[in-house]
Amino acid sequence: MECPDVESQIRAFFHFVEKSIGFKYNEDKSYCGKQGVSLKTVISGFPREDRLSFLAMLITLILSPFLSEYIGPIFTLVTFVIFKLQCKKSGRHIEFGMTGKMMFVYMGYMILSAMWSDNPIMSVLIGLLWMGMFLGALTVSNLATTEYRLDTMIYFAVIGGAFVGAIALIQTLALYADLDFPNPFWGEIDAKVLGLLPGNLVDTNFVLEKPASTFTNSLIFATFMLVMFPFSLYSTVTQKGGRRVVSGVCVLIYFVSIASTYSRGAYLAIIVALFVLMFLGRNYALNIGITFVAVLAVLPPSVFRRLSEVSVKDFAVGERFKIWGACFDIFSNNFFLGIGAGSDNLHQRLVNDYGINWPHAHNLYFEIMVEGGVVGLLLIGAVLAFIVKDCVKIISRGGKWKIMGMCTLSAVAGLMTMSLTEFTFQTPKELQVVMVVMGFLEAALRLSAHAAERGEKAKKIVAAPARIPEMIQ
């Protein structure tokens, strides 16, 4: 098919395109018929300069949950170093938004608290640990340069979580059948290695009555699964073909493995997370409701009995009330700045002043309140406010971005609910997954903004042919 005698008009039109979206018109291409450069080629190609770091991040996302607390997070650091070196080589700058900047301020405050901390070395180490895991957020958000990359990262992270969930289910069966299977998976090695660490960074008094998978106890495992659970739903909705099937299987593994922990806090948290997801729309709410009821129908009666056991006479509940009372007393005496970052500060005071031998506050809010005082509460509150604000922005952009925003908001709601009865930022892998989700959020915020901008420019391009005669006169 030969081109019509309007080449000058076509050139004028693509000159307008170039000005509108920065797309460079190629004089050697014919734009007649079905020929031309596809939009996918323009916006979703993988830059060669960061392919290695992207691969390293995928490996980190899928393997870190399986590895121990002192090995898995190292992958985050190694991946960031690879990415940073490639950025330096290509002249690229690492970017992050206001949420990350506020988080950095809070982490700086944690290190600064060493000045008045009972254990200054631990305060500095905890601050550095947070910063190290924050590098994962930076790497994820800057590597997710296309929607396909972001979705692939989420998909790999979901599979990694499902893998440790499957291990927990095997541990549950082993407990019921009285079989010999390691629980925690790395328990014996962890007890030796983590016991060498200063202070009380990670509790090595492992609880073996409930599945912990590759984590140091079942509550830490439940926290990890709660954070990733909404993203398994996101992958099920947005992926296609085999990936959608795999994601659907992952949803079931997440749900059942959380139930297997027999954690009442986790049960409440997943209900809250699912409630948030109901606002995705009528069809999604119906599907989520049906899945929820179907899974509940096959759970053993012992799960429901665990929910009915909540009372002050219950040992776990009673001990928490004792800890929280002591925390409030410590906070009242260290109101403004707190006692310094690091749960070991609180642990020593609980033991020495109150005779309570527990490693932390069993409540994220009390922990932050005691460690950082009012200043710490305000700073972490600002971080949370920015996260919610970013989620709302993404939701407002509609389409798949609404799903992404709602799933992130669901993960935040689940984590905050779990935090009512647990210190959910206790271990490196807990921090690692939270920071990865922050990276997902920042990437989604940036990509959704670009998509909205492209949509507006596309509208102008559609209207452009009417202006061609005027442009070529």
A.B. asks: Would you say that more than 12 heavy atoms from the other residues, nucleotides or ligands in this model lie under 6.0 Å from the CZ of F96, or not?
C.D. replies: yes
A.B. asks: How about OH on Y354, more than 12 heavy atoms from neighbouring residues, nucleotides or ligands closer than 6.0 Å, or not?
C.D. replies: yes
A.B. asks: Taking atom CZ of F181 as the centre, does the number of heavy atoms from other residues, nucleotides or ligands within less than 6.0 Å exceed 12?
C.D. replies: yes
A.B. asks: Which atoms form the tightest heavy-atom contact between I94 and C87, and what is the distance?
C.D. replies: CG1-SG, 4.2 Å
A.B. asks: Do you know which two heavy atoms are closest between H362 and I323, and how far apart they sit?
C.D. replies: CD2-CD1, 4.0 Å
A.B. asks: Rounded to the nearest 0.5 Å, what separates atom CE in M103 from atom CH2 in W130?
C.D. replies: 5.5 Å
A.B. asks: Who passes side-chain hydrogen bond (donor to acceptor under 3.5 Å, both in side chains) against K402, sequence neighbours left out?
C.D. replies: none
A.B. asks: Using atom types as modelled and distance alone, determine if a side-chain donor or acceptor of S117 lies under 3.5 Å from a backbone N or O of S113.
C.D. replies: no
A.B. asks: Where do A326 and L350 come nearest, in terms of heavy atoms and distance?
C.D. replies: CB-CD2, 3.6 Å
A.B. asks: CZ of F331: more than 12 outside heavy atoms within 6.0 angstrom?
C.D. replies: yes
A.B. asks: If every non-hydrogen atom of L346 is compared with every non-hydrogen atom of E367, which pair is closest and at what distance?
C.D. replies: CD2-OE1, 3.5 Å
A.B. asks: Is there a salt bridge (Lys or Arg N to Asp or Glu O under 4.0 Å) between D151 and K400? Walk through the geometry before answering.
C.D. replies: CA-CA 11 Å; D151 290 347; K400 69 174 290 185; 2.6 Å; yes
A.B. asks: Taking L420's backbone N and O only, do any of them form a donor-acceptor pair with N363's side chain (distance below 3.5 Å, no angle check)?
C.D. replies: yes
A.B. asks: Sequence neighbours left out, what passes side chain to side chain contact (heavy atoms under 4.5 Å, CB included) with D353? Give chain and number order.
C.D. replies: R349
A.B. asks: Has S235 got a side-chain atom pairing as donor or acceptor with S232's backbone, closer than 3.5 angstrom?
C.D. replies: no
A.B. asks: Kindly state whether the ring of Y234 and the ring of F440 have centres lying under 6.0 angstrom apart.
C.D. replies: no
A.B. asks: To the nearest 0.5 angstrom, please state how far the CE atom of M57 sits from the CD1 atom of I82.
C.D. replies: 9.5 Å
A.B. asks: Between the main-chain N or O of L67 and the side-chain N or O of K429, is there a donor-acceptor pair closer than 3.5 Å?
C.D. replies: yes
A.B. asks: Determine, step by step, whether T424 and T223 satisfy the side-chain hydrogen bond (donor to acceptor under 3.5 Å, both in side chains) criterion, reporting the C-alpha distance in whole Å, the side-chain angles of both residues, the deciding distance to 0.1 Å, and the verdict.
C.D. replies: CA-CA 7 Å; T424 51; T223 300; 5.9 Å; no
A.B. asks: Judged by atom type as modelled, is there a donor-acceptor pair below 3.5 Å linking the side chain of S247 to the main-chain atoms of V237?
C.D. replies: no
A.B. asks: Evaluate L77 against L135 for side chain to side chain contact (heavy atoms under 4.5 Å, CB included), listing each step before the verdict.
C.D. replies: CA-CA 7 Å; L77 304 179; L135 297 178; 4.0 Å; yes
A.B. asks: What are the two closest heavy atoms between S218 and A212, and how far apart are they?
C.D. replies: N-CB, 3.6 Å
A.B. asks: Just do the side chain to side chain contact (heavy atoms under 4.5 Å, CB included) check on W401 and L447 with the steps written out, would you?
C.D. replies: CA-CA 9 Å; W401 298 118; L447 290 171; 3.6 Å; yes
A.B. asks: Please check if the side chain of Y267 supplies one atom and the backbone of A259 the other of a donor-acceptor pair under 3.5 Å.
C.D. replies: yes
A.B. asks: Can you tell me how far CD1 of I220 sits from CG of N217, rounded to the nearest 0.5 angstrom?
C.D. replies: 4.0 Å
A.B. asks: With side chain to side chain contact (heavy atoms under 4.5 Å, CB included) as the test, would you mind laying out the steps for F229 and V251 before giving the verdict?
C.D. replies: CA-CA 7 Å; F229 171 70; V251 171; 4.1 Å; yes
A.B. asks: Taking V351's backbone N and O only, do any of them form a donor-acceptor pair with N357's side chain (distance below 3.5 Å, no angle check)?
C.D. replies: no
A.B. asks: Does the pair T139 and T79 meet the rule for a side-chain hydrogen bond (donor to acceptor under 3.5 Å, both in side chains), with working shown?
C.D. replies: CA-CA 8 Å; T139 311; T79 301; over 6 Å; no
A.B. asks: Roughly how far, to the nearest 0.5 Å, is CD of Q86 from CZ of F54?
C.D. replies: 12.5 Å
A.B. asks: Quick one: which of F425, F215, F231 gives a ring-ring contact (aromatic ring centres under 6.0 Å, His included) with F224?
C.D. replies: F215
A.B. asks: Which is it for Q432 and T76 under the side-chain hydrogen bond (donor to acceptor under 3.5 Å, both in side chains) test, yes or no, and what are the steps along the way?
C.D. replies: CA-CA 8 Å; Q432 185 182 35; T76 291; 2.8 Å; yes
A.B. asks: Can you tell me how the ring of Y106 sits relative to the ring of Y109, calling it parallel under 30°, perpendicular over 60° and tilted otherwise?
C.D. replies: tilted
A.B. asks: Might you point out which heavy atoms bring R397 and S448 nearest each other, and give the distance in Å?
C.D. replies: NH1-OG, 2.8 Å
A.B. asks: Are L226 and I270 close enough that some pair of their side-chain heavy atoms sits under 4.5 Å apart?
C.D. replies: yes
A.B. asks: List for me each residue that meets side-chain hydrogen bond (donor to acceptor under 3.5 Å, both in side chains) alongside T99, sequence neighbours excluded, and say none if there are none.
C.D. replies: D390
A.B. asks: Aromatic ring centroids of F66 and W186 under 6.0 Å?
C.D. replies: yes
A.B. asks: Can you confirm whether more than 12 heavy atoms, excluding those of K322, are under 6.0 Å from its NZ atom?
C.D. replies: no
A.B. asks: Look only at the side chain of W324 and the backbone of A361, and say whether a donor-acceptor pair between them is shorter than 3.5 Å.
C.D. replies: yes
